[in-house]
Amino acid sequence: MSPSASSLPHPLLDELRRLILHLEGSVRSQQAGAHRSRKLGGGGEFAEFAEYRPGDDLRRIDWKVAARTDRYVVRRHESERRARVQVILDSSGSMGFGTSSQLPAPWGGQQPGTKWSLACLAGLLLGFIARQRGDRVRFALTGESAPELAPVDGRGLAGLSTVASQLTAVDPSGESGLHWTLRGRAGTPGSSLFVYIGDLLDEVDGVAQLAQLRAAGAEVWVLQTLDPAELDFPYDEPTRFVGLECADELPMNPRDYAEEIRREMAEFCAAREAACRHAGLRYCLLRADRRWDQKLIELVEGG
Amino acid sequence: MGLQFLHPAALWGLIALALPIVAHMTGAKEVARVDFPSLRFLRSSSLKLRRRRRLESLLLLLLRSLLVLLLVLLFARPQLSWRAEAPGGAEPSQPTILLLDASASMSGPGDGGTLFEEARGLGVELLESLEEGVPAGLLEFDGRARVVAPGMTTEHSMLASELGSLELGDGATDLAQALRAARDLALDAGLETANIFVLSDGSATKLPAPGGEQWPEGLRVHYHALGDPSARSNPHVSGVSVAASELQGGGMEITAEVRPAGQAVSRAELRLEIGGQVQAIRDAEFPTKPSEPVLQKFSLAVPVEGAHAAVLRRVADDLPADDAYPFVLAGEESLDVLLISGDGGGSQRAGETYYLERALLPRDGGESRVRPKVVQAEGLRGLGAVQGGVFVLANVANPGSLAPELVERVRAGAGLLISVGGNVDPDRYNEVLGELLPAPFTELKTRGKGTFETASMGFAVPPMDLDEFRVFRSGGLKAFSRVKFGKALGTAPRLADESRVLLRYADGLPALLERRVGAGRVLVFTSSLDDDWTDLPLRSLYVPLVHQLVRSLSGDLLFESGQDLEVGESLDLPLPGLGGERAAWVEGPGGLRWTLDAARADGDGRVNFGPLEQAGHYQLFWDDRAGGEPRLKGVFSVRVPEVESSLRPASPEDLLARVSGLVYHRRGEDLSASSDASAEVVRRAGLTPWILILLLLVFLAEGLLLSGTGRLAR
């Protein structure tokens, strides 16, 4: 299924459309029934009754229930049960950093300028794929006062338009607050997929929090989003660095410490990855100057 | 010890020391403000490395301050000064000339090895005591004085290096010439004042004549006498004679004169070596008068033939240079000449060989190494046991029976002289002696009425570059033209291989021809050697000409041997001839070789070789035969001058009387008009080289520090 050929009124969706067109072959293969995965395809144990909706397979209507209740319901098996995908976007202040806006994107235009815009684009792409499969998708932001985001209705880009608008209006700020977002979601029944997209730079160990979801039986993906400047630290002139999550400044001569900073950053990412793997979480590092879109598709296909 | 600066004004540059300090204190300026996601890793890195970076920053400050300091010092040119002992007479600011005695007597024991090494050490001390920029010069002397390159110079270290590479010689000590050379060196360099240091053991062959030299007032001579000759012992060979032994059986007797010198000894061991082999060892014993020489004899049972390199060797004593006395042991070498007469003649005087025999043996029973023997050709069937170095066929009618043996003998190295006369049949000679003749005989040539009385033909001027005629250069040429020839045998114009015409008649016909056959030679005289056809035997030319021809055929013409010379002397050596491929050279001790330059030869074809600088044996070689081996033409020996062995030093009083203003130095002696052997001087050493090294090290250290911190580009 391809997105509508007509241009959509939202730049984020416009970007998503170009991305999807660029990845069309890969995305199409993710459609329901075409990909045999734990979350997709037929077979398996009976999972639930679901209200009949146009388009459902008529052979799955449970006529006995219909006769008793005068309602049309369909039997869904474990493998056909629609997964619930929750995309949690880190909206902390550090996600507002970015140096990649001038980098050309393979799908035309430029790469997302900030980590936040990259997270949003990655999250919307995942949401689009999930909807094409028939999964239910919801987006959430981290933080205690994070606004509730609208559910994704329908398939195609149109279904993402509302949430896209909401995401566009978000100005990353403050600290992470992942624990607020995850509170109450741990008990969600199985076949849930939690996708965390953020930089994991919070002081509190976000991985440990996400691991609780896994312990509860959910599938958890961790997409750590970092800017190339954070990883490569290309600064060599005396600079006054100002933190984005707290009102803190640090004057320094980067040349004196660059090597050590890069080393610590690499150790940090490796530690996060190791922690994720140890906890059974699927990990992927997204950075704007490396083909993050391909990595995302590989992650989805690998699922 | 003190510190001075050549350019103290440069020290004001130390103000610049404040620059690195100020730069360090003010620190780096901020340039930009950058929002960054999280300061967590920046802060942790900063905390971790802060102490190290502070230390590095401090080190950089120190290095840069040191850099400024060193640059300032580089311009200020600091010098360290201290007082040090120097050889007597040393004046650091005075131009200095060193005269190093390199004569044979300096091989005696001295401080640090030999006296020569002691003198070299003293010379180095004198050079090191000089201030920077003071001119210095170096000469070494024995029988001659030689200025060591480059003459007067301010490069003291270079002179010290040259001093270290000088070697001891074998010559005598000509102090007069050495002082003149030093004086001339100073005057040529435009020096009005200078110190001249003579570093010697005191023995001197030649001293300046009292009051005989103009000595500039500004030149002060300091004579440093090294060693104590009176404490040394040097019995040495002062002469050798060789004679035939009077004992039955012959042999040779070698007598060595052994002379004491220095401290008395009771005996001295002598070894006779011939050709490198020890032949005998004897002890020369000194009698009650130890100052008198003694004679020590060595007897050789077998007479020696030819010339041999011999050495009388002493065991090492206090003067090793003269322990080997080289000489040439030349044995008597007689020359047998067999005169084969073709005509005995009715009277003795009429015989073909009458004049020849008397020319070769001038006086009956007289001493001559040439031993002519006359045999008649008639009835002579072969040479048989007849021994001969040279054979003469004198007008022999039919040499057929002798021809094979003659060919064999000549090929083996014998010489053959053929003279003709009325008995000679040219065709017969061509037939039987064709492989010996330089050219075939043709017909008889007659001049005048066929007698010398009526003939006017003489010899042409002989080529003086030939060995056979060399001796006639001085005054004998006219005699050749006065000889008269009535008859002569003609020869074919085409010569055989290895043949040439040595002498012609005035009309151009060949008179004397030569042919090399194997190892020997054949000379053909185309007239008679008696008075039948020519008056040559009646001329004064006859005797020397016959001798030259015979010696030429024997191969020892101009053999030079047995000359015993001292180092410093020269001798005249003969050359084999002018131009062409004829080369001559001398090989000496240590494998040294000198080529004799024919362009320098005198009218007699001799070239002066010398002055000889090394003791030992020398050999003269000629390469005068195309394709042949070089020939040994002479051996001579050169020894250390006896005056060097005598250990008789010049007295201080004598030296003081001969050189005005001389200052005599000897350690431990208190002599009037002299000073101590040592003095105290202020020495200075520039620190510039060390500053440069330190600068380089500072640059390296800063580079390492910056590269280690990754801040090299700053």
Side-chain angles (χ1 to χ4, degrees), chain A residues 90 92-99 114-116 172-173 175-176 198-204 224-269 271, chain B residues 17-68 697-714:
Chain A
D90 182 359
S92 63
S94 60
M95 291 296 287
F97 179 79
T99 62
T114 64
K115 292 190 290 184
W116 169 249
S173 61
E175 297 182 1
S176 173
D199 57 17
L200 288 177
L201 288 179
D202 50 351
E203 295 297 329
V204 181
Q224 187 174 20
T225 311
L226 292 172
D227 189 82
E230 294 178 277
L231 294 166
D232 301 335
F233 202 71
Y235 308 96
D236 58 3
E237 293 296 328
T239 306
R240 180 181 295 277
F241 293 94
V242 180
L244 288 175
E245 290 192 5
C246 53
D248 198 4
E249 295 183 353
L250 179 63
M252 71 181 323
N253 189 336
R255 195 172 291 165
D256 291 343
Y257 307 100
E259 197 175 323
E260 182 64 20
I261 291 168
R262 289 186 207 111
R263 191 188 64 77
E264 285 201 9
M265 199 64 195
E267 281 180 5
F268 167 75
C269 294
Chain B
L17 265 177
L19 293 174
I21 297 171
V22 168
H24 179 77
M25 300 291 280
T26 52
K29 287 185 181 176
E30 297 176 18
V31 177
R33 178 186 182 280
V34 171
D35 292 332
F36 206 74
S38 173
L39 302 184
R40 172 177 158 191
F41 301 106
L42 276 64
R43 187 166 283 112
S44 68
S45 300
S46 172
L47 283 172
K48 192 185 293 182
L49 299 179
R50 182 174 300 168
R51 186 178 298 174
R52 179 176 156 185
R53 291 290 180 250
R54 276 187 186 159
L55 186 61
E56 288 170 353
S57 184
L58 198 58
L59 274 176
L60 266 179
L61 171 65
L62 287 174
L63 284 174
R64 285 168 179 174
S65 300
L66 188 59
L67 188 67
V68 172
L697 289 174
V698 167
F699 275 122
L700 281 173
E702 184 171 349
L704 282 172
L705 191 59
L706 288 175
S707 64
T709 60
R711 295 182 285 177
L712 195 60
R714 180 160 69 153

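It should be emphasised that the depicted structure is a prediction, and the values quoted were computed from it without experimental measurement. Residue numbering restarts at 1 for every chain, and letters A, B, ... go by the order of the sequence lines.
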Indicate the atoms forming the closest heavy-atom contact of [X] with [Y], along with that distance.
X	Y	answer
B:Ser38	A:Leu201	CB-CD1, 4.0 Å
A:Ser94	B:Pro37	CB-O, 3.6 Å
A:Glu260	B:Leu49	CB-CD1, 3.6 Å
B:Phe41	A:Ile261	O-CG1, 4.1 Å

Rounded to the nearest 0.5 Å, what separates atom [atom1] in [X] from atom [atom2] in [Y]?
X	Y	atom1	atom2	result
B:Asp35	A:Leu244	CG	CG	5.0 Å
A:Glu259	B:Ser45	CD	OG	10.5 Å
B:Arg50	A:Tyr257	CZ	OH	6.5 Å

- Item | Salt bridge A:Glu264-B:Arg40, side-chain N to carboxylate O under 4.0 Å |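 No, A:Glu264 and B:Arg40 are not salt-bridged.
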Using a 4.5 Å cut-off on heavy atoms from C-beta on, say whether the side chain of [Y] contacts that of [X].
X	Y	value
A:Asp227	B:Phe36	no
A:Phe233	B:Leu42	yes
A:Thr239	B:Arg33	no

- Message: Closer than 3.5 angstrom, by distance alone: can the side chain of B:Arg53 be matched with the main-chain N or O of A:Asp256 as a donor-acceptor pair?
- Response: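 Yes; judged by distance alone, with no hydrogens or angles, the pair exists.
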- Query: Tell me, side chain or backbone of A:Ala229 under 4.5 Å from chain B's heavy atoms, or both, or neither?
  - Reply: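 When you check distances to chain B, only backbone atoms of A:Ala229 fall under 4.5 Å.
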